[in-house]
2 protein chains.
Amino acid sequence: MKESAICPRLAKAMELLGKRWTTLILYQLLEGPQRFNEIESALPVSGRLLSERLKELEKEGIVERKVYTEVPVRVEYFLTDKGNALEGAIREVEKWSQCWIK
Amino acid sequence: MKESAICPRLAKAMELLGKRWTTLILYQLLEGPQRFNEIESALPVSGRLLSERLKELEKEGIVERKVYTEVPVRVEYFLTDKGNALEGAIREVEKWSQCWIK
DNA sequence: TCAACTTGCTTACTTTTCGTAACTAGATGT
DNA sequence: ACATCTAGTTACGAAAAGTAAGCAAGTTGA
């Protein structure tokens, strides 16, 4: 990698959001808190990748994880303030896709 | 891959925009038409990937390519209407990154 | 008692994509 | 003939993604 002329914050943001599935996972979570299996069913992403992405997003403070020790165990993921702040961007992409994707 | 519950248009959009470098390349082109080497210098992307991405974007009608047969040859890439329509989304991500990325 | 089920993952393995660097094509200039 | 410039392409090892099977913990059913 060579040095970049672009803003490092945007570069960092795109390093996160540009990863496969990440934005669709966040889009899914805009609907509200959701369980692992719910997200997995809603998107064509495998458990392996979903687990990986959710960990990354948790580490970045975009998503939080809450465990309910029920039977069987229930784990819910939801957006933090930082995550919810992405709604504008995600909605813009959604709008664009409605207008421009055949 | 299994079937997805989410809107196929958004899925398609994210398949494009979610690829590494794609959004940063478009961000760069928001500045105006640019040559291959200009984009390559502005971003930490290699010629190999830049070439690949620009072809994809051209195929999707998001970017256009114009060759000037000068000495040496000059090739400029610029956003189509479809590409420019992404400005809102890209600016939202930019704003988010300014507010939320350390 | 104990096999079976459920959720939320993890591991193992294959295929695809990426990153780095070297190389090519076409049109000059020296 | 040889070096130079832009705009790529090619080759190849490394990293990431896709697929499928396995696992732990608690509970239910026989």
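- Pairs of residues two or more places apart, or lying in two chains, that qualify as side-chain hydrogen bond (donor to acceptor under 3.5 Å, both in side chains) and include a residue from residues 27-36 of chain B are B/Y27-B/E94, B/Q28-B/Q34.
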(request) Can you check each nucleotide of nucleotides 3-12 of chain D against protein heavy atoms at under 4.0 Å and return B for base, S for sugar-phosphate only, - for none, in 5' to 3' order? (result) --BSSSBBB-
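- Every residue two or more places apart in sequence or in another chain that forms a side chain to side chain contact (heavy atoms under 4.5 Å, CB included) with A/N84 is listed here: A/L30, A/L79.
- If you take CG of A/L24 and C1' of D/dA17, they are 15 Å apart, rounded to a whole angstrom.
- Applying the salt bridge (charged side-chain N to carboxylate O under 4.0 Å, His left out) test to A/R65 and every residue at least two apart in sequence or in another chain returns nothing.
- Rounded to whole Å, atom P of C/dT16 lies 13 Å from atom NZ of B/K19.
- As a whole-Å value, the separation of A/E70 CD from D/dG26 P is 14 Å.
- Checking the phosphate oxygens (OP1, OP2) of C/dG19, a side-chain nitrogen or oxygen of B/W21 falls inside 4.0 Å.
- Salt-bridge annotation for B/E76 and B/R74: present, with a side-chain N of the basic residue lying under 4.0 Å from a carboxylate O of the acidic one.
- Following rounding to the nearest Å, B/L50 (CG) and C/dA21 (C1') show an atom-to-atom distance of 16 Å.
- Side-chain N/O atoms of A/R20 include none lying less than 4.0 angstrom from OP1 or OP2 on C/dT17.
- A/S51 contributes no side-chain N or O that, together with a main-chain N or O of A/R48, makes up a donor-acceptor pair within less than 3.5 Å.
- Five base pairs at each end of the helix from C/dT1-D/dA30 to C/dT30-D/dA1 define two local axes, and these are offset by 30° (rounded to 10°).
- Rounded to a whole Å, the CG atom of A/L49 is 17 Å from the P atom of C/dT15.
- Residues passing the side chain to side chain contact (heavy atoms under 4.5 Å, CB included) test with B/P72, sequence neighbours excluded: none.
- Annotation: side chain of A/K55 is not in contact with side chain of A/E52 (no heavy-atom distance under 4.5 Å).
- A distance of 12.5 Å separates CD1 in A/I25 from CZ in A/R20, rounded to the nearest 0.5 Å.
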